[in-house]
Amino acid sequence: MTWWRTHGRTRALVTRYVLLLVVLAISVGPLLWQFSSSLKGPQDALYGSEATFFPANPTFAAYQTVFEQVPMGTYIRNSLIMCLLTVFSQVVFPTLAGYMLSRQGWRGRGVFYWVLIISMMFPFESIMVSLYTQITDLGLDDSFIGVWLPGAISAVNVLITRAAFSAVPNEVEDAAMLDGAGEVRRFWKIYLPAARGAMVVVVINSFIAAWDDFLWPFIVLRSEELYTLSLGLSRLAASSLSYDPRVTMAGSIIAIVPILVLFVALQRYFFKGVESGAVK
């Protein structure tokens, strides 16, 4: 105890790593348990006192069963289509809107900003019925466009890009104007590179939101050939006469892989964008 009291720096370091390990166990532990359970065979217990964390005889039979029971290829393709549509619209339109909101001197700028803030106060469930009515009246139900359109632009992403553009010093723009750079050139050469980190945050958040979305596709889509992966996984248990948790867990692991790949590929830019946003 005396050594522990006299070595304050070591004590702080040990405490920090203990807390990090606790957070890691809470956040990653369930995912590892799910992956381990998906590798267990029928002879391995999933629950109870006989269950172990590591499978005695690892097998990928559950993953093979997933592709045999439901058309996972079709579901993954549909989810990728929705993600590409959502990411494209969530990058292009919020970027342009955020740039306009960051510009000074035009009438109605403050009103538009507060309209965005107020729109974030209403949860999606509160406007879901009216959105479905509008989509139906437009004849877009049971279609990819009907799923994509309500989530094409997010107020949060507009505010994220606005904050990134507003952080660019006015002196930089003034210098570019003295060099003869027009509005479009200043946007491409100065503002877009400065907002690269924020745009990566928008890409990751938009991809995850579109990939995991279940409620709205469940309401709009009726044709199974248009189902996204989240809807397809909900059909996974119903497609078999006997429910097998291993198969459901295997399907969930398959659904997580694209998100992990995207985050690992863009994590450097993601954290850079988060840090720059926190400093600015």
Between [atom1] of [X] and [atom2] of [Y], what distance do you get to the nearest 0.5 Å?
X	Y	atom1	atom2	value
F67	Q64	CZ	CD	10.5 Å
E125	L131	CD	CG	11.0 Å
T86	I81	OG1	CD1	11.5 Å
L39	R246	CG	CZ	11.0 Å

Minimal non-hydrogen separation, V158 against A97, with atom names: CG1-CB, 3.9 Å

For A195 against F165, the heavy-atom pair lying closest together: CB-CE2, 3.6 Å

Side chain Q90, main chain N157, donor-acceptor under 3.5 Å: no

Under 3.5 Å: donor-acceptor pair, side chain of N78, backbone of Y227: yes

May I ask you to check whether over 12 heavy atoms, not counting those of [X], lie within 6.0 Å of atom [atom1]?
X	atom1	value
F124	CZ	yes
R77	CZ	yes
R16	CZ	no
F214	CZ	yes

So do [Y] and [X] actually touch side chain to side chain, heavy atoms under 4.5 Å?
X	Y	answer
F88	L84	no
W33	V28	no
M128	L215	yes
K40	T59	no
P94	V202	no
L31	I253	yes
Y191	V172	no
W211	L262	no

Contacts of S38 that satisfy side chain to side chain donor-acceptor pair (under 3.5 Å) - sequence neighbours left out: Y63

Worked verdict on L116 versus L101 for side chain to side chain contact (heavy atoms under 4.5 Å, CB included): CA-CA 11 Å; L116 287 177; L101 278 178; 3.6 Å; yes

Transitive ILVMFWY cluster of F122, excluding itself - 4.5 Å side-chain cut-off: I118, M121

Single-linkage hydrophobic cluster L260~I76, side-chain heavy atoms < 4.5 angstrom: yes

Of all pairs that satisfy ring pair (Phe, Tyr, Trp, His ring centres under 6.0 Å), the ones with a partner from residues 128-149, not counting sequence neighbours: none

